[in-house]
Amino acid sequence: MKGMSSRGNRICFGRYALQALEPAWITSRQIEAGRRAMTRNVRRGGKLWVRIFPDKPVTVRTAETRMGSGKGKGSPKYWVAVVKPADNSGARKLMCIRIIGASHRRYAHIGDVIIAVVKEAGPKATLERSEVVRAVIVRTCKELKRDNGIIIRYDDNAAVIIDQAGNPKGTRIFGAIAEELRQLNFTKIISLAPEIL
């Protein structure tokens with residue numbers, strides 16, 4: 001499945017939204033489980049809208065099954081909702097090769113500039129698979145301890161692809177990024193980020 005979403009990719013009401021970063025099928029069970037978890041967390045403090053509907057049937061049989069012999073394609077096993085990305089980032093997954101300025105270190109921390117290889121790229125991306133790029137680490141699963149005693153930890157490892165001048169190649173950044181990037185003069189990334197922690 002390829003392509004980008006052309007409708008329903010903007011917040012029409014409410015303040016926050018969840019957005020798909022790659023094409024996928026979301027089952028009705030996953031939608032209901034997410035709705036229950038968010039409703040339990042919000043309680044009566046806000047409203048919740050589900051903008052996707054599972055309208056695509058998925059049968060038990062495979063795609064190459066013949067239609068004859070009176071059995072047909074089988075009854076639907078479950079229903080899914082098709083979601084597509086609405087961002088303009090090129091690379092989906094990076095693999096770190098080397099940390100710039102730290103040849104003796106094995107692991108990169110927030111704010112480190114790395115040399116990486118694009119392992120997965122989007123369908124309409126300007127970057128190609130196996131292309132070597134520069135990127136700056138903006139989120140890590142490893143906890144970060146600050147001077148004031150606060151320990152911050154993110155759910156995933158993320159990096160922003162940059163050019164030689166340190167400016168991001170993309171025009172949109174998703175997810176929260178660390179405050180430490182402001183001290184390292186990545187002001188363009190800070191200005192594009194929706195949330196800074």
Side-chain angles (χ1 to χ4, degrees), residues 1-58 76-95 110 116 118-127 129 135-144 150-162 168-182 186 188-197:
M1 186 170 56
K2 299 180 180 179
M4 311 280 281
S5 63
S6 58
R7 297 175 298 172
N9 54 11
R10 291 182 175 84
I11 301 178
C12 298
F13 38 82
R15 296 181 61 187
Y16 303 101
L18 294 177
Q19 188 176 43
L21 296 181
E22 56 189 28
W25 283 358
I26 301 180
T27 65
S28 56
R29 290 190 173 195
Q30 291 172 335
I31 296 172
E32 179 63 16
R35 186 196 65 79
R36 285 187 181 183
M38 287 185 283
T39 305
R40 193 179 299 120
N41 192 18
V42 171
R43 295 189 180 93
R44 294 186 180 180
K47 289 186 177 181
L48 180 68
W49 293 273
V50 180
R51 298 290 305 276
I52 57 176
F53 184 79
D55 56 351
K56 184 183 182 68
V58 177
K77 185 179 181 182
Y78 55 91
W79 297 76
V80 298
V82 179
V83 294
K84 294 182 180 180
D87 68 327
N88 61 349
S89 62
R92 298 280 185 236
K93 188 181 291 185
L94 299 175
M95 183 179 72
I110 291 177
V118 178
K119 299 296 287 184
E120 292 181 14
K124 296 182 180 179
T126 56
L127 298 170
R129 191 172 178 272
V136 59
I137 304 293
V138 294
R139 289 194 300 272
T140 57
C141 291
K142 176 68 176 175
E143 60 271 3
L144 171 69
I150 295 176
I151 297 176
I152 187 167
R153 178 180 177 276
Y154 298 95
D155 292 334
D156 61 344
N157 299 319
V160 174
I161 297 176
I162 58 175
K169 290 189 176 181
T171 57
R172 297 171 70 184
I173 295 175
F174 294 108
I177 65 172
E179 176 70 28
E180 281 73 14
L181 293 174
R182 193 190 303 273
F186 291 106
K188 183 68 174 177
I189 298 176
I190 291 289
S191 64
L192 292 175
E195 188 176 4
I196 302 168
L197 297 177

Distance in Å, [X] [atom1] paired with [Y] [atom2], rounded so as to fall on 0.5 Å steps:
X    : Y    : atom1 : atom2 : value
L181 : I189 : CG    : CD1   : 6.0 Å
L94  : L127 : CG    : CG    : 8.5 Å
K93  : R129 : NZ    : CZ    : 10.0 Å
L197 : E180 : CG    : CD    : 10.0 Å

Ionic contact status for R182 with E179, cut-off 4.0 Å: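 Salt bridge: yes.
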Donor-acceptor contact present, side-chain S191 to main-chain K188, <3.5 Å: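 Yes, because the side chain of S191 sits within donor-acceptor range (under 3.5 Å) of the backbone of K188.
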Main-chain N/O of T27 paired with Q30 side-chain donor or acceptor, under 3.5 Å: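 Between the backbone of T27 and the side chain of Q30 there is a qualifying donor-acceptor contact (under 3.5 Å).
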Could you report the tightest heavy-atom contact between [X] and [Y], atom names first, then the distance?
X    : Y    : answer
I162 : K169 : O-CE, 3.8 Å
G170 : L192 : O-CD1, 4.1 Å
I190 : A178 : CD1-O, 4.1 Å
I137 : A159 : CD1-CB, 4.1 Å

V50 side chain reached by I31 side chain, heavy atoms, under 4.5 Å: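 Touching, per the 4.5 Å side-chain cut-off.
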Heavy-atom side-chain contact between V138 and I110 under 4.5 Å: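 No, their side chains stay 4.5 Å or more apart.
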Qualifying salt bridge (charged side-chain N to carboxylate O under 4.0 Å, His left out) pairs, either residue in residues 151-160, two or more places apart: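 Only R139-D156 qualify under salt bridge (charged side-chain N to carboxylate O under 4.0 Å, His left out).
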Stepwise side-chain contact (heavy atoms from CB on, under 4.5 Å) check, I177 with F186: CA-CA 11 Å; I177 65 172; F186 291 106; over 6 Å; no
Test side-chain contact (heavy atoms from CB on, under 4.5 Å) applied to I151 - qualifying residues, sequence neighbours left out: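 Counting only residues at least two positions away or on another chain, I151 forms a side-chain contact (heavy atoms from CB on, under 4.5 Å) with E143, K145.
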Step-by-step salt bridge (charged side-chain N to carboxylate O under 4.0 Å, His left out) determination, E32 to R29: CA-CA 5 Å; E32 179 63 16; R29 290 190 173 195; over 6 Å; no
